[in-house]
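Report on the structure given below.
Computed over heavy atoms, backbone and side chain alike; hydrogens, waters and symmetry mates excluded.
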Amino acid sequence: MSLGLTLTADVLVIGGGLAGTWAAIAAAREGAQVVLADKGHCGTSGVTATAGPGHWWVPPEGREGAVADRLKRSLGLGDPDWMRRILDLTWTSLPTLRGYYDFSTDDHGQPFYRGLRGPEYMRAMRRLALDQGVRILDHHPALELLRHGDGSIAGAAGLALRGETPWTIRAGAVVLATGGCAFASRLLGSATNTGDGLLMGVEAGADLSGMEFSNYYTPALAGTNMARSMAYSFARWLDADDRELDIPPGPDVTPHLARVLMAGPLFCRLDRVPEDIRRVMPQVQPNFVLPFDRQGIDAYRDRFEVTLHAEGTVRGIGGLRVVDEACQTQVPGLFAAGDAASRELVTGAISGGGAVNSSWALSSGQWAGKGAARLALGQGARADDLAVAAGRAGLRPHRAERPVDLRAAVQTVRDELNAYDRNIFRRGPALTQSAERLDAVWSELADHARGEGRAGLRAREAAALVAAGRWSKASALARRESRGMHHREDAPGLDPRLASRQRAGGLEGVWTAFETASAQAEVA
């Protein structure tokens, strides 16, 4: 039996989506030796590869207005300096892809940088990473981080799916770019988004932020998992008798749609989508019309039934908390980027949608990659230092190993983190019940689950999903108000004392804490 792959690198990037590839490229440009390990195939896995990602693309003269607007909508949780940083970096970064990506042109014949075709975007990012000397390991999911005796990051260990052999990579710094957690909602492109990076980060000593804002939902044609939201901003919403419903457009439409869906079917017409948007849709969201075409539906004329898909932290907000401008976590040598990192600094309590989220992935990826490279190159090799494995649940059970029903564990996550009445409409008693169910599943996994090869990967994924669900529910319970996408029916208004970011963490016992002392006192 093979002993597996053992490598050393300056920087290890875990995850090969948009943030991960930008991180790897940035680290390589600093002169670092970079390895990128992806659970899937870098260039096709992750949500960007199925999408038509826009970017927060604002000319210099319009940025202060854009920041002011975004800051107002962040409801007290955004940071204008971070917003300015991503606007600046997005503006200078996208043109550098020319030669790798074939940009569309606008009506004046100029390159259209704002919106890209996801499949081609990610193919371009893979090619660029390879040209920068990045070593890419496809189908090499990470299972756990490694730490030095002083607590700093020493690398990671995982599984090569082909042959089911282990791998170990010692690195001076690690960037977690594992994507968001879709809570097993079956959203297109989210199969690898099981919260792995969140669990690995917390096991290593990091904490999270914004996990209460992890209940974003997107409309989709019923029976499909293609959730792309641009066209639905022009939707007419209809009941089963084809009567138009009084549902106002805007960012707060989700609760209205969910209430209708809990009572019966919901239908939609997209006949109000402007012609100019219809023309560019194949460019900016190339997959949008495919499920309609397959069912013989004219997306812009016919009435069709819709559902809502939970996107968790993919288009929600929560993730690992970064503590400096290089997107380093509180664990030395551990950086976070993209959907794996909390976006509160640039989105506040509302979703960044596609544009801000894509710019966050582009920017945080580069900041994390550059920061990781500079740290690793500055401190020199530590490959001979002690490295201790940080992973526990699903790998090293606390008690006697025994079979655990992983499917039931994942189903519990689906039940508690996808259901409209438990996740969109929140009340203290229901949140407490959800937390208790997830705690019970966590205890079973942590005490008894262990697997080898792919079975071990499935155990870790189940543990990560449950852990992310626990942090989400605990954070929602502690924030006793309604702010942004977090709706508490038993606390429907904004509480100005809670205009503060909330941290979360813990494994055996989940904890939450608001960042300001006054807010902490209010929930104590």
Side-chain angles (χ1 to χ4, degrees), residues 11-15 19-20 22-23 26-27 30 74 76-86 89 145 147-148 150-154 156 171-178 180 195 197-214 313 317-349 352 360-379 390 468 471 475 499-507 510-517 519-520:
V11 174
L12 169 62
V13 178
I14 302 176
W22 276 113
E30 291 292 312
S74 73
L77 304 185
D79 186 308
D81 291 335
W82 280 78
M83 294 178 187
R84 295 184 185 103
R85 291 181 72 208
I86 72 169
L89 192 54
L145 294 172
R147 292 185 295 176
H148 295 295
D150 61 7
S152 63
I153 292 302
V174 171
V175 178
L176 285 173
T178 50
L198 306 186
L199 176 58
M200 287 189 286
V202 172
E203 287 175 331
D207 61 16
L208 307 112
S209 179
M211 291 300 292
E212 65 269 43
F213 305 115
S214 300
T313 70
I317 294 164
L320 293 164
R321 185 174 66 95
V322 300
V323 300
D324 62 23
E325 291 190 348
C327 292
Q328 189 169 202
T329 71
Q330 67 199 76
V331 181
L334 182 62
F335 297 75
D339 295 357
S342 174
R343 281 187 289 259
E344 278 181 300
L345 293 165
V346 295
T347 65
W360 170 251
L362 174 154
S363 301
S364 62
Q366 291 185 79
W367 294 326
K370 181 181 292 187
R374 291 180 174 180
L375 176 67
L377 294 172
Q379 69 185 8
W471 295 317
S475 298
S500 174
R501 290 185 283 272
Q502 182 182 198
R503 298 161 55 201
L507 296 167
V510 171
W511 58 266
T512 65
F514 284 90
E515 288 188 347
T516 65
Q520 183 62 58

Leu176/Val13 under side-chain contact (heavy atoms from CB on, under 4.5 Å): CA gap, chis, key distance, verdict: CA-CA 6 Å; Leu176 285 173; Val13 178; over 6 Å; no

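Taking CG of Leu345 as the reference point, atom CH2 of Trp360 lies at 6.0 Å (rounded to 0.5 Å). Remark: Leu320 CG to Leu208 CG distance equals 5.0 Å, nearest 0.5 Å. Atom CD1 of Ile153 sits about 4.5 Å away from atom CG of Leu334, to the nearest 0.5 Å. To the nearest 0.5 Å, the span separating CZ on Phe213 from CG on Leu77 amounts to 5.0 Å. In this structure, CZ in Phe514 is found 6.5 Å from OG in Ser500, a value given to the nearest 0.5 Å.
Pairs engaging residues 363-372 under the side chain to side chain donor-acceptor pair (under 3.5 Å) rule: Ser93-Gln366 [sequence neighbours left out]. Within the structure, salt bridge (Lys or Arg N to Asp or Glu O under 4.0 Å) pairs that include any residue of residues 321-338 comprise Asp207-Arg321 (at least two apart or interchain).
The shortest non-hydrogen separation linking Val331 to Gly151 is CG1-O, 3.6 Å. Minimum heavy-atom separation, Gly506 to Trp471: O-NE1, 2.8 Å. Heavy-atom minimum distance, Leu375 versus Gly333: CD2-CA, 3.5 Å. Between Asp339 and Gly180, the shortest heavy-atom contact is CB-N, 3.1 Å.
Note on Glu515 versus Arg503: no salt bridge recorded, every NZ/NE/NH1/NH2 to OD/OE distance being 4.0 Å or above.
Scored by the side chain to side chain donor-acceptor pair (under 3.5 Å) test, Ser209 finds Glu344 as partners (sequence neighbours excluded). The side chain to side chain contact (heavy atoms under 4.5 Å, CB included) test applied to Ala361 returns Leu18, Ala19, not counting sequence neighbours. Take Ser214 and apply the side chain to side chain contact (heavy atoms under 4.5 Å, CB included) test, not counting sequence neighbours, and it matches Phe183, Met211, Thr313, Ser472. For the side chain to side chain donor-acceptor pair (under 3.5 Å) test, no residue two or more places apart in sequence or in another chain qualifies with Arg85. A search for side chain to side chain donor-acceptor pair (under 3.5 Å) contacts involving Asp81 returns Arg84, not counting sequence neighbours. For Trp22, the side chain to side chain donor-acceptor pair (under 3.5 Å) criterion is met by Tyr121, not counting sequence neighbours.
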Could you list the donor-acceptor pairs under 3.5 angstrom formed by side chains in residues 197-206, with sequence neighbours left out?
from   : atom 1 : to     : atom 2 : distance (Å)
Glu203 : OE1    : Arg460 : NH2    : 2.8
Glu203 : OE2    : Arg392 : N      : 3.1
Glu203 : OE2    : Arg460 : NH1    : 2.9

